[in-house]
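In what follows, a single structure is set out as C-alpha cells and then discussed.
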Amino acid sequence: MKNFSKITLGALIIAAVSLTSCSNDDDNNTPAEKPTIYERLGGTTMVSDPDNSGQMIEKGRLSFRKVVNSTIGLIVADIQSNASGNLQAHFAPLLAETGNTQATNIAKLSDNLTDFFSFNTGGTNAVNTYSGLSMSAAHDPAKNPRMGTKSSNADYTKFEGYVGAAANANGVASNTELYTDIVAVLESLRTPIVQK
Ligand code: HEM
C-alpha cells in the first residue's frame, strides 16, 4: 500500500512536471493573433480612390465605405417602398431636408459611419478617427434631433440585415468567418441603439 502511494505520488509529480513543460511549450507555440476585421478587409494597403481621382485611400477604409454606401442605398429603397414597418419615421428629419443640405448631410452620415466602422474594427490611421456621438446618444431623438424616432429590436434586425446584404454585395459572403465576425460587432451595438 505504502509503495503504491509512493508510485502514485511519483507518477503525479512526473505528470505535474510534464504538464508544466507542456504549458511552456504551449506558450512558445501560441498561434499568431487573428488579424482585425479592418486588416482582413484590406487594411492599410493604399489603393487609388475610385470616387476621388488622384487620391489614395486605405483598402480597409474603402471596403467599409462601399459597404456603408450600399447600406444607405438599401435604406433609401426601404423608405421609398412605403411598406409597413419601414424605416421612414427614423430618417424623417433627414428626409425633410432638400437639395444640397440633404446631399451634404447624407455624405456626412456616410463619412461618420465609415469612420465608426473603421475605427472600431482596427483602423488606426487618423483619417478613421470617429468624432460623432456615442451610439446611445446618436439613436436617442432627445439627444440627436436627426434621429426621428427611437428604434425597436425589429428595426435593428432589419438594419443589420441591410448591412449584411451590403457586405455580401461587396465581396463578403455570408458563410465566411469574416462575415460572422462583422455580425458579432453589429450585435454588440444592439443594446445602446435599441431604445424602444
Ligand atoms: C448596426 C447598427 C448601427 C450603427 C453602427 C449605427 C451608427 C450610426 C452612426 C455612427 C451615426 C452618426 C452619429 C453622428 O453623426 O454623430 C448614426 C446616426 C443615425 N442612425 Fe444609426 N446606426 C445603427 C443602427 C441604426 C438603426 C437601427 C436606425 C433606425 C432604424 C438608425 C438610424 C439613425 C439615424 C436616423 C441617424 C441620424 C442620421 C444623421 O445624423 O444624418 N441607426 N448611426
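Both ligands and their constituent atoms are indexed starting at 1 by order of listing.
Each of the following atoms of ligand 1 lies closer than 4.0 Å to a heavy atom of L87: 30 (C). Each of the following atoms of ligand 1 lies closer than 4.0 Å to a heavy atom of A138: 13 (C). Of all atoms in ligand 1, numbered sequentially from 1 with element shown, those under 4.0 Å from a heavy atom of L186 are 1 (C). With ligand atoms numbered from 1 in the order given, ligand 1 contributes 16 (O) to contacts under 4.0 Å with heavy atoms of G132. Ligand 1 places these atoms under 4.0 Å from at least one heavy atom of N112: 14 (C), 15 (O).
With 3.5 Å as the limit, one finds no donor-acceptor pair spanning the side chains of T129 and D115. With no hydrogens or angles considered, no side-chain donor-acceptor pair links N86 and S81 at under 3.5 Å. Side-chain N/O atoms of E177 and T180 include no donor and acceptor closer than 3.5 Å.
Protein heavy atom at the shortest distance from atom 41 (O) of ligand 1 is R146 NE, 3.1 Å. Nearest non-hydrogen protein atom to atom 35 (C) of ligand 1 is H90 O, 3.2 Å. The shortest contact between atom 34 (C) of ligand 1 and any protein heavy atom is with M147 SD, 3.5 Å. Of the protein's non-hydrogen atoms, the one nearest atom 7 (C) of ligand 1 is L113 CD2, 3.3 Å.
Cluster membership check: I79 does not share its hydrophobic cluster with M147, using side-chain heavy-atom separations under 4.5 Å among Ile, Leu, Val, Met, Phe, Trp and Tyr.
Within the structure, ligand 1 lacks V163 among the residues with a heavy atom less than 4.0 angstrom away.
Of the candidates N120, L133, I182, T71, L133 brings a heavy atom nearest to atom 16 (O) of ligand 1. Around atom 11 (C) of ligand 1, the closest heavy atom drawn from I75, L109, D155 belongs to L109. Looking at I72, V185, L189 and measuring to atom 5 (C) of ligand 1, the nearest heavy atom belongs to L189.
Heavy atoms of N144 found under 4.0 angstrom from ligand 1 belong exclusively to the side chain. Only the side chain of L94 comes within contact range of ligand 1, with a heavy atom under 4.0 Å; no backbone atom does.
Classification of the Y38-F64 ring pair by plane angle, with boundaries at 30° and 60°, yields parallel.
The name of the N, O or S atom in H139 nearest to atom 21 (Fe) of ligand 1 is NE2.
Between D78 and K158 there is a salt bridge, since at least one side-chain N of the basic residue sits less than 4.0 Å from a carboxylate O of the acidic one. With respect to D111 and R61, a salt bridge is recorded, a charged nitrogen being found less than 4.0 Å from a carboxylate O. With respect to R146 and E97, a salt bridge is recorded, a charged nitrogen being found less than 4.0 Å from a carboxylate O.
Across all their heavy atoms, N153 and R190 have their closest contact at OD1-NH1, 2.7 Å.
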- Task: Please test S174 against N168 for side chain to side chain donor-acceptor pair (under 3.5 Å), starting from the C-alpha separation and ending with a verdict.
- Result: CA-CA 7 Å; S174 297; N168 289 162; 3.2 Å; yes
